[in-house]
Amino acid sequence: MNFKQNKFATDSLLKIFFLKALKINWLIVFCTIFLGIIGVGALYSAAGGSWDPWAKKHLIRFLSGLILMFIIIFLPTKLFYKFSFLFFITCLIFLIFVKFFGVGNIQRWISFGVINFQPSELMKLGLILVLAKYFDNLSRIQLDKLFPYIIPFILIFLPGFIVISQPDLGTGLTIILLGLAILFYVGISLKFVLFCFFVLICSIPLIWQQLYEYQKNRILVFLNPEIDSLGSGYQIIQSKIAIGSGGTFGKGYLLGSQSRLNYLPEKHTDFIFTLISEEFGFIGSMSIILIFSVLIISIFKVSFKIESFFSKILVFGIGFLFFLYLTLNIGMVCGLLPVVGAPLPLISYGGTSLFTVLIAIGIVLNINLRENRI
């Protein structure tokens, strides 16, 4: 009798698991896995056809992150709501900690033995979580007033300016843009948005004076790369040459001359899209953009169909974060935006960014699995 009961219980659990697995948004999963595989292949090419030093580590991290992603899918969604503020505060403490005890040429990482991580990447997810919880606790009537937006502005600009002061202008601006996009999504007055934009324009001279010299050079080089073709403008000039030389179908895998001859700096991180464009040409680079577009649109569709305000904001924020990642990285390597630290999600080398993206995707899939429930 006990054996039959145990067998029945096991069969029931397997049936429940199978039914839940069918409800997972597998389009998002397949896009994620495909982009991760592309990342491994691109890093293998960046090292000249070697697994070391980047491809092997990226593969191990990606597989570990996938396991974590699937664990997150089946967690109770209420955990995200319950621990959102704690997660944000922890990230904020790490950001302050890294100012004094960070490692690296520029202090952006915290080291725990063999493990290094970048708190500013985790802060992007922490900001989305805390803003989603804050606005979920407000009534629709309160959202029509300006006073309730004071706290969100503090939550957005405090970590943003801390990151900018590291200095990491690109990541800091990403955090601020992400937060402002969420404010716009929840329904902040358009008049207030226009007023803030006007104040920002008027503040440009003051902001310019606060920038580091290398940050000013990046902006000037963006406007005219030729003014420092062997210095600050070198990266973007070589990136344009590599992308243009790829043509329609590319030079072939492992045959990119710019990357093989080491003319292309940071080819394993921020400029990995350039390497892919050179080797696979216009067709290959557009295929990458198409896959990312499918992933981002799929995430936004999840946000639009759910009823929980917390989940709606959370999923939208994650989708917009991916959009920022993609826009900033590709705009940067094509010379359409200044050179800033913006990795290409799932493809660029970097453990913290990779795990942040996979955790975020796990949250989206978790919410999608339960749809309107929280």
Side-chain angles (χ1 to χ4, degrees), residues 35 37-55 58 105-106 168-171 173-174 212-293 323-350 353:
L35 290 169
I37 293 171
I38 291 173
V40 174
L43 291 170
Y44 181 84
S45 175
S50 173
W51 283 99
D52 293 314
W54 305 308
H58 188 80
N105 296 329
I106 300 176
D168 189 352
L169 180 62
T171 305
L173 290 177
T174 300
Y212 288 85
E213 199 61 36
Y214 84 93
Q215 293 171 335
K216 294 179 181 179
N217 288 337
R218 283 185 174 181
I219 296 173
L220 292 173
V221 166
F222 159 67
L223 298 174
N224 182 14
E226 302 298 332
I227 63 175
D228 191 13
S229 59
L230 296 178
S232 301
Y234 179 79
Q235 284 180 312
I236 192 61
I237 291 173
Q238 295 301 320
S239 178
K240 289 180 178 180
I241 292 172
I243 293 173
S245 65
T248 303
F249 299 103
K251 297 177 179 178
Y253 187 53
L254 301 176
L255 298 177
S257 57
Q258 293 297 109
S259 56
R260 292 286 78 75
L261 298 174
N262 290 323
Y263 286 123
L264 185 63
E266 305 298 330
K267 58 188 175 184
H268 64 296
T269 53
D270 295 344
F271 284 83
I272 198 165
F273 183 78
T274 303
L275 180 146
I276 295 171
S277 297
E278 184 183 20
E279 294 186 348
F280 296 98
F282 176 79
I283 300 299
S285 56
M286 288 305 297
S287 298
I288 299 294
I289 295 174
L290 178 62
I291 296 168
F292 271 115
S293 299
F323 172 77
L324 279 178
Y325 271 130
L326 183 66
T327 304
L328 291 176
N329 182 271
I330 295 179
M332 172 186 71
V333 302
C334 293
L336 301 175
L337 293 172
V339 175
V340 295
L344 191 61
L346 301 166
I347 296 178
S348 292
Y349 182 77
S353 173

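Owing to the predicted nature of the structure, the values given are computational and were not obtained by experimental measurement.
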Would you give the length of the straight line joining atom [atom1] of [X] to atom [atom2] of [Y], rounded to the nearest 0.5 angstrom?
X: I272; Y: L43; atom1: CD1; atom2: CG; value: 4.0 Å
X: I276; Y: F271; atom1: CD1; atom2: CZ; value: 13.5 Å
X: H58; Y: I347; atom1: NE2; atom2: CD1; value: 8.0 Å

If a pair satisfies salt bridge (Lys or Arg N to Asp or Glu O under 4.0 Å) and one of its residues is in [range], list it, with sequence neighbours excluded.
range: residues 45-54; result: D52-K56
range: residues 329-350; result: none
range: residues 273-290; result: K251-E278, R260-E279
range: residues 332-345; result: none

Could you pull out the closest heavy-atom pair between [X] and [Y], with the gap in Å?
X: Y253; Y: G41; result: OH-O, 2.7 Å
X: A242; Y: S245; result: O-OG, 2.9 Å
X: L275; Y: A42; result: CD2-O, 3.9 Å

Atom pairs and distances, side-chain donor-acceptor, residues 326-336, under 3.5 Å, sequence neighbours left out:
{"unit_1": "T327", "atom_1": "OG1", "unit_2": "F323", "atom_2": "O", "d": "2.7"}
{"unit_1": "N329", "atom_1": "ND2", "unit_2": "D270", "atom_2": "O", "d": "2.9"}
{"unit_1": "N329", "atom_1": "ND2", "unit_2": "A342", "atom_2": "O", "d": "2.6"}

Original post:
Sequence neighbours excluded, which residues qualify as side-chain hydrogen bond (donor to acceptor under 3.5 Å, both in side chains) partners of S353?
Top reply: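 Checked S353 against side-chain hydrogen bond (donor to acceptor under 3.5 Å, both in side chains); zero matches.
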
Original post:
Is there side-chain contact between Y349 and P53, with at least one heavy-atom pair below 4.5 Å?
Top reply: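 No, every pair of side-chain atoms sits at 4.5 Å or beyond.
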
Subject >> Side chain to side chain, L344 and F292, heavy atoms closer than 4.5 Å >> reply: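 Of all side-chain heavy-atom pairs linking F292 with L344, at least one is under 4.5 Å.
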
Subject >> Contacts of type ring pair (Phe, Tyr, Trp, His ring centres under 6.0 Å), residue Y44, not counting sequence neighbours >> reply: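 Ring pair (Phe, Tyr, Trp, His ring centres under 6.0 Å) list for Y44, sorted by chain: W51.
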
Subject >> Ring geometry between W54 and H268 (parallel below 30°, tilted from 30 to 60°, perpendicular above 60°) >> reply: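 Rings of H268 and W54: parallel, as their planes differ by under 30°.
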
Name the atoms and distances for all side-chain donor-acceptor pairs under 3.5 Å in residues 280-291, with sequence neighbours left out.
{"unit_1": "S285", "atom_1": "OG", "unit_2": "G281", "atom_2": "O", "d": "3.1"}
{"unit_1": "S285", "atom_1": "OG", "unit_2": "F282", "atom_2": "O", "d": "3.0"}
{"unit_1": "S287", "atom_1": "OG", "unit_2": "I283", "atom_2": "O", "d": "2.7"}

